[in-house]
Amino acid sequence: MRSDRPLSRAELPIDTAALARFLMGKIVMRALPEGLVSGRIVETEAYIIGDAAGHAYRGITPRTRSLFLEPGHAYVYLAYGISSMLNVSSELPGVGAGILIRALEPLDGIPIMRRNRGIERLRDLARGPGRLAAALRIDRGLDGLDLCREGPLWLAQDSTGPGEIAESIRIGLSRDADRPLRFYSPGNPFVSGPTSLNAG
DNA sequence: TACGTGATTGCCT
DNA sequence: GGCAATCACGTAC
């Protein structure tokens with residue numbers, strides 16, 4: 001049986017890459033009017049200090065201010081005018097860095113996810129950052145939320161552990177694209193990205 | 001005020 | 001595997 005106890009801030013690694021690895025296997029919990037929706041994190045990407053591909057690279061702005069909060073806050077933004085992306089802030093307060101949650105293995109509330117996504121196929125419900133945000137109905141309205149306490153959206157402990165964790169370069173970048181800052185569960189069918197990056 | 005850009009997805013072939 | 005859709009934000013004018 002899973003525990004839905006929120007992660008405590010004190011147990012989060014400060015370092016961005018370490019936190020990206022730490023979050024593997026943890027649970028994203030989402031409280032919706034229809035019920036609870038949750039999924040296990042199977043893919044993350046770190047956007048570290050001084051990262052030219054990171055949104056905090058040019059300093060704090062109204063949009064990116066959540067990345068500068070203490071670790072464990074939500075940074076949500078809209079990409080390509082269509083897809084919301086869920087990130088977790090990292091590093092000390094005032095330092096802009098974070099982790100993109102790229103894919104979830106659906107656990108609870110799968111019928112709700114199907115409704116939110118408008119598709120049936122289990123494997124596609126939360127495989128990809130925009131897809132998981134849609135499945136959990138996450139948008140800019142949740143930006144800045146504390147993910148270390150139970151509420152509309154939070155991070156929870158897992159009981160089973162992440163299993164094997166592999167790493168690769170990150171997906172979809174044009175700058176600083178060569179660093180190995182993507183983490184995934186090899187062999188897990190709910191991981192996104194091209195086959196060439198998912199060896200294991 | 002205008003324009004370029006992007007941590008993607010879904011549909012078509 | 002290729003490509004269009006679509007818009008908030010940041011920067012420049």
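Throughout, a chain's letter reflects where its sequence line sits, starting with A, and its residues are numbered from 1.
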With a 4.0 Å cut-off on N to O distance, would you call A:E34 and A:R137 a salt bridge?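 Yes, charged N to carboxylate O under 4.0 Å.
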Between A:D143 and A:R140, does any side-chain N to carboxylate O distance fall below 4.0 Å? yes
Report the C-alpha separation of A:E43 and A:S192 in whole Å, then their side-chain angles, then the decisive distance to 0.1 Å, and conclude whether the side-chain hydrogen bond (donor to acceptor under 3.5 Å, both in side chains) test is met. CA-CA 8 Å; A:E43 184 183 357; A:S192 78; 2.9 Å; yes
Dump every N/O contact between nucleotides 1-3 of chain C and the protein below 3.5 Å, one line per pair.
none

Trace of the side-chain contact (heavy atoms from CB on, under 4.5 Å) decision for A:I14 with A:L19: CA-CA 7 Å; A:I14 298 293; A:L19 181 56; over 6 Å; no
Paired stems touching DNA chain B, three or more consecutive Watson-Crick or G-U pairs with both distances under 3.5 Å?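 The stems are B:1-6 with C:7-12, B:8-12 with C:1-5.
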Got a sec, which residues hit ring-ring contact (aromatic ring centres under 6.0 Å, His included) with A:Y77, two or more places apart in sequence or on another chain?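 In terms of ring-ring contact (aromatic ring centres under 6.0 Å, His included), with neighbours along the sequence ignored, A:Y77 is linked to A:H55, A:Y75.
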Could you run down the sub-3.5 Å N/O contacts of the protein with nucleotides 10-13 of chain C?
unit_1 : atom_1 : unit_2 : atom_2 : d
C:dG10 : OP1    : A:T61  : OG1    : 2.1

Salt bridge (Lys or Arg N to Asp or Glu O under 4.0 Å) between A:R21 and A:E167, worked out: CA-CA 9 Å; A:R21 187 178 278 275; A:E167 56 184 67; 2.9 Å; yes
Residues sharing A:L78's hydrophobic cluster, by side-chain heavy-atom contacts under 4.5 Å among ILVMFWY, directly or via others?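 Members alongside A:L78: none; it stands by itself.
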Out of A:I101, A:L104, A:L32, A:L125, which one pairs with A:L136 under the side chain to side chain contact (heavy atoms under 4.5 Å, CB included) rule?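 Looking at A:I101, A:L104, A:L32, A:L125, the match for A:L136 under the side chain to side chain contact (heavy atoms under 4.5 Å, CB included) is A:L104.
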Can A:R170 be said to sit on top of A:F183's aromatic six-ring, NZ or CZ under 6.0 Å from centre and within 45° of the ring axis?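 Not flagged: A:R170 not positioned over aromatic ring of A:F183.
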Just by protein heavy atoms under 4.0 Å, how would nucleotides 4-13 of chain B read 5' to 3' in B, S and -? --BBBSS---
Spacing between A:D139 atom CG and C:dC7 atom C1', to the nearest angstrom: 14 Å
Any donor-acceptor pair under 3.5 Å linking the side chain of A:R40 with the backbone of A:G25? yes
Are A:R131 and A:S83 close enough that a side-chain donor and a side-chain acceptor fall under 3.5 Å?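 Note: A:R131 and A:S83 side chains miss the donor-acceptor criterion.
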Are A:E70 and A:S89 linked by a side-chain donor-acceptor pair shorter than 3.5 Å?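 Their side chains do not contain a donor-acceptor pair, so the 3.5 Å distance test is not met.
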